[in-house]
Visitor: 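I am attaching a structure below and will ask some questions about it afterwards.
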Amino acid sequence: MYKRDLVSITDYSLDELEALWTLADDIENHPRRYKSSCNNLKLATLFYEPSTRTRLSHESAMIELGGNVIGFSDAKASSASKGETVADTMKVMSCFADIIAIRHNLEGAAMVAAENSRVPVINAGDGGHSHPTQTLTDLYTIRKNFGRLDNLRIGFCGDLKYGRTVHSLIEAMLRYENVSFVMIAPDELKLPKGLKNNIIDAGAEFVETACLEDALPELDILYMTRIQRERFSDLSVYDRLAGTYILDKEKMQKAKEKMIVMHPLPRVDEISTDVDDDPRIQFFEQVMCGKIIRRALILDLIERGSEEPIRRWEDIDAEGECTNPKCITHHERGLKPKYKRSSNGSLLCAYCDCKIKNE
Ligand code: CP
């Protein structure tokens, strides 16, 4: 199966990302040139989890490229409700569509989708694992604001444990020079250990704090996140943590004049609406960047139809289960374990990047 997918943000090299920004800029400046680029092509959006932006911006992007859209926005309305696996669904959907965007609650579902589809697959979010098209959106927004993606200090605030947009953006920013990180979260929502190790292994500066006010004055970017109620197994913990961080006018006074505030949205109560007219607030601009970059991504993946796909696992003679209960390997039949090594040599599940038991 020759085709490229976007399962992880690292599927695109830095040079390929540069080419994507250039294409996105051209699409933004000359939309009429691209209005028929996907004539007679179909995008399928398979959304097993709720979404406003990601689904509709992919659909809107495809329509603006002259293509059509099919799909479902609720797994209950699909044959998943009768027990159909992601693997089988993808084999079926690649008979109907030329490109597929999938969002799923299980971590690693996007890799299973890519491995079983004959057409390009876009990961539109797999559980708490990753969300690479939001990362493309975020990188494109940062580049528009600062003219660069290096030499920046970025603070992530809120739900760093379950926030897949945080996980993907950290992975992306680690590839640029002199990016430092401030992780602002309560103990229960700190960044997963594996990701923290990746930052340390990459040699990037990294600070953890629970105090937003202390971190604010030093930041170029504040990336706020919602505390993700739907990912908690114990809702009393969510109730205790909800409302931990609220960015308001008073706190914004502590920030640099040129700092920007980003948020993948939706917001709940973590950013007061009284700051929406502050020019440093960029989250609605992010949404517009998201539509433009997704137009570029769809075009790019369709044009790469004859490329060798990316191999996401290594031939490692190992045994053992993934330790992540939310990994798709524990929920869907017929999936063989696949392994890879982390930068420090630990054995990881290739689907969800979590550690393997007894390793
Ligand atoms: N940013 C984001 O993923 O939003 P949706 O959940 O609305 O798609």
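In each ligand, atom 1 is the first atom listed, and ligand 1 is the first ligand listed.
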Visitor: Could you tell me whether D5 and K3 have a side-chain N and a carboxylate O separated by less than 4.0 Å?
Guide: yes
Visitor: Protein residues near ligand 1, heavy-atom distance below 4.0 Å?
Guide: S51, T52, R53, T54, R103, H131, Q134, P264, L265
Visitor: In the hydrophobic clustering that connects Ile, Leu, Val, Met, Phe, Trp and Tyr at side-chain heavy-atom distances below 4.5 Å, which members other than I328 occupy its cluster, ordered by chain and number?
Guide: V7, L46, Y48, I70, F72, V86, M90, V92, M93, F96, I100, I102, L106, M111, V112, V119, V121, W313, L335, Y351
Visitor: Tell me who clusters with I200, hydrophobic residues only, linked when side chains sit under 4.5 Å apart either directly or through other members.
Guide: none
Visitor: According to the interplanar angle, ranging from 0 to 90°, do the rings of Y223 and F156 count as parallel (below 30°), tilted (30 to 60°) or perpendicular (above 60°)?
Guide: tilted
Visitor: What pairs meet the side-chain hydrogen bond (donor to acceptor under 3.5 Å, both in side chains) rule with one or both residues in residues 323-338, with sequence neighbours excluded?
Guide: E107-N324
Visitor: Do R226 and D159 make a side-chain contact, defined as non-hydrogen atoms from C-beta onward lying under 4.5 Å apart?
Guide: no
